Asks: 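Submitted below is the structure of interest, expressed as structure tokens.
Nothing fancy with the numbering, it's 1 onward along the sequence. Given the structure is predicted, the values throughout are model-derived calculations rather than measurements.
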Amino acid sequence: MSNDLENIGVAMLSSKNTVAMAPYLAIVLFAMLAATYAFPQTDDYCLFGKLKNNFGWNPFVATADMYHVWSGRFSAMFFIEASGWLTHVLPLPLQMTYAAILIALVGALLWAAYLAFSIVAPSMALAAVATVAIIGTMPWKLEGVMWLTGAAVYTAPFVAIMLLVALIEREKTAGAATIVLVAISVGFNEFVGLAVGVFLAVRFFLNRQDWRPHAILGVVYVLAFGVSVLAPGNFVRSAEVSAPHDLVAALGMSADSFLMYLANHVAPNWFMFACLLIAAFAATWGAKAIPFHRAMPAIVAFLSAFPINLIGLPFLMGEPIPGRTLNQAHGFLILGMLLVAAWLGAYVSSRTKWAVPPLVGPGVVFATGLVCLGNPLIGEYTRTITTYAGTWRAEQTARHVMLSKGTGPVAVPAFSPEPGWPPVLRGADISADATYWVNSCLGSYYGRAVTLEAADSGKAYKP
């Protein structure tokens, strides 16, 4: 671990890398800055409230309960419950701890991307490109980065699976760390679990000579996947879903979702996606090419995760893929494409006889980074910080102070609307109906009945 951090430090301090990745690193820092304004919302309060009132702030017991009554996603559930526990034990305001966890997640993405993409070539610039591709281009930033519950299920898994790719490539055995990481990755959600299964299967197909480590990891995978999918909570939740599990209908909804994804997200931003692929290609230009079979398991797993997500959820739930799941499908797709581009950069440069100056690669990465930095899709972070984040923090803090004082029923003012859609910071809010589920979650956390003031009450937050 210390060697990894030292290598990352060297990669970041390298003059060529520092200049090349500066625009991409700026985007990562903008995302971290936006996260400093994040505040618990909706499901966060549901889970934190139960953790507080039902389980005495014990994240292990709370996770076990969720496993039995709601979801087999044990890694994601523990991530959330442990975060709630930290907000309780750390002597910091709620929002500060919450924001620090999300900032750490963004940093972990950068670290994991460096380790995973090092199977092609160690490059901090490439890691920064991959991180921006995930957090900067996902369709719903709030539900992927700025909302803890969504991030735990749909963004944190990227960290786990990229670390798994890096660790298996390094150890090539079934060591304790690899075994644990397989189980953790599968436990984030069933679609990530299927991607991990594809990764392990392709590795076995390409490296059948020494079957023992594959057999060990295969057994661990099957057990972890079974524990996740066969959780009692999944059947409790499935009883509330009337989907007929019709494959033909699911394929139709999947096709519709894919066309909407292309029309609403890819087509308007094709130039930036092209820049990201060019940057990945240029970041490894001049590196020693590796045999394609070494990168193939991760590439196949990442690319196959896109149709797995796109078809799997409509089949299980009987509805088109929602935005937060689209974040995950999109992230896997772009990681796979970036990995292909990175491998091609090393392969083409090692096979060509062109006398290309050594600064051309970093220069291209820098230039594409400037394009991404000025792209409106990335600009959502900066626009939100400059036009809304201060208002959001002040109103959230004022509501938190208001609800923390007293025990009786209380009506609170509505938040100011966040400009732009999809939102970066603001999700669903409470309503005038005290029985609405968001009201119930907020009331459970603060120990009092909470409603929303009438829109014409004339009251507003006064931070």
Side-chain angles (χ1 to χ4, degrees), residues 37-59 61-66 68-71 76-77 79-90 92-99 101-102 142-143 146-153 233 236-237 240 324 391-418 423 425-463:
Y37 295 94
F39 221 96
Q41 300 185 58
T42 57
D43 292 42
D44 297 330
Y45 279 121
C46 291
L47 296 171
F48 290 2
K50 289 182 179 179
L51 180 67
K52 171 186 176 182
N53 299 315
N54 299 358
F55 308 111
W57 295 107
N58 188 321
V61 177
T63 302
D65 178 76
M66 290 296 294
H68 283 91
V69 303
W70 182 246
S71 174
M77 293 301 104
F79 184 102
I80 301 165
E81 303 291 6
S83 298
W85 172 75
L86 286 174
T87 66
H88 170 66
V89 299
L90 294 180
L92 297 170
L94 171 66
Q95 181 241 344
M96 289 183 64
T97 304
Y98 186 88
I101 294 168
L102 296 177
L142 167 67
E143 295 187 335
M146 302 299 166
W147 173 44
L148 182 69
T149 300
V153 178
V236 173
R237 186 174 56 180
E240 303 173 3
R324 58 184 178 273
T391 299
W392 172 249
R393 173 188 284 171
E395 293 181 353
Q396 278 280 19
T397 303
R399 179 181 284 189
H400 175 66
V401 171
M402 183 185 299
L403 295 176
S404 298
K405 296 178 179 179
T407 57
V410 61
V412 297
F415 292 131
S416 301
E418 177 178 347
L425 289 174
R426 181 184 170 177
D429 196 14
I430 60 174
S431 74
D433 180 5
T435 63
Y436 181 54
W437 72 275
V438 181
N439 295 54
S440 299
C441 291
L442 202 67
S444 173
Y445 181 81
Y446 288 102
R448 61 195 308 187
V450 182
T451 57
L452 197 65
E453 285 182 346
D456 58 355
S457 65
K459 296 182 181 180
Y461 286 111
K462 295 180 179 179

Asks: Do you know the tightest heavy-atom contact between Y45 and P40?
Replies: CE1-O, 3.2 Å

Asks: In the structure I gave you, are the side-chain heavy atoms of C441 and T42 within less than 4.5 Å of one another anywhere?
Replies: no

Asks: Are the side chain of R448 and the backbone of S404 linked by a donor-acceptor contact shorter than 3.5 Å?
Replies: no

Asks: Taking the side chain as every heavy atom from C-beta outward, state whether Y436 and T451 have any atom pair closer than 4.5 Å.
Replies: no

Asks: Treating D429 as the side-chain partner and A414 as the backbone partner, does any N or O pair qualify as donor plus acceptor under 3.5 Å?
Replies: no

Asks: Any donor and acceptor pair, going by atom type alone, linking the side chain of Q41 with main-chain N or O of G427 inside 3.5 Å?
Replies: yes

Asks: So how far is it from I430 CD1 to N439 CG, rounded to the nearest 0.5 Å?
Replies: 5.0 Å

Asks: Testing the basics here: between A76 and V153, what is the closest heavy-atom pair and its distance to 0.1 Å?
Replies: CB-CG2, 3.8 Å

Asks: Could you tell me whether the side chain of D44 and the main chain of T149 form a donor-acceptor pair under 3.5 Å?
Replies: yes

Asks: How are the rings of Y445 and F48 set to each other: parallel, tilted or perpendicular (split at 30° and 60°)?
Replies: tilted

Asks: Do E395 and P413 have side chains that approach each other closer than 4.5 Å (heavy atoms only, starting at C-beta)?
Replies: no

Asks: To the nearest 0.5 angstrom, please state how far the CD atom of E81 sits from the OG1 atom of T63.
Replies: 5.0 Å

Asks: So how far is it from F39 CZ to Q95 CD, rounded to the nearest 0.5 Å?
Replies: 5.5 Å

Asks: Is it true that a side-chain atom of Q396 and a backbone atom of F415 form a donor plus acceptor pair closer than 3.5 Å?
Replies: no

Asks: Is there a donor-acceptor pair closer than 3.5 Å between any side-chain N or O of S444 and the backbone N or O of S440?
Replies: no

Asks: Could you measure the distance from the CG atom of L442 to the NE2 atom of H400? Nearest 0.5 Å is fine.
Replies: 10.5 Å

Asks: Is there a donor-acceptor pair closer than 3.5 Å between any side-chain N or O of H88 and the backbone N or O of G84?
Replies: no

Asks: Just by distance, do the side chain of D65 and the backbone of A62 share a donor-acceptor pair under 3.5 Å?
Replies: no

Asks: To the nearest 0.5 Å, tell me how far L102 CG sits from W147 CH2.
Replies: 12.0 Å

Asks: With sequence neighbours excluded, tell me which residues meet side chain to side chain contact (heavy atoms under 4.5 Å, CB included) with T97.
Replies: L86, T87, L90, L92, I101

Asks: If you draw a 6.0 Å radius around CH2 in W392, do more than 12 non-hydrogen atoms from other residues or ligands fall strictly inside?
Replies: yes

Asks: Answer yes or no: is there a donor N or O on one side and an acceptor on the other, between the side chain of Y98 and the main chain of L148, under 3.5 Å?
Replies: yes

Asks: Has the side chain of R426 got a donor or acceptor atom that lies under 3.5 Å from a matching backbone atom of L142?
Replies: no

Asks: Would K50 count as a cation-pi partner of F55, with NZ or CZ less than 6.0 Å from the six-membered ring centre and within 45° of the ring normal?
Replies: no

Asks: So, for I80 and A152, which heavy atoms are closest and what is the spacing to 0.1 Å?
Replies: CG1-CB, 3.6 Å

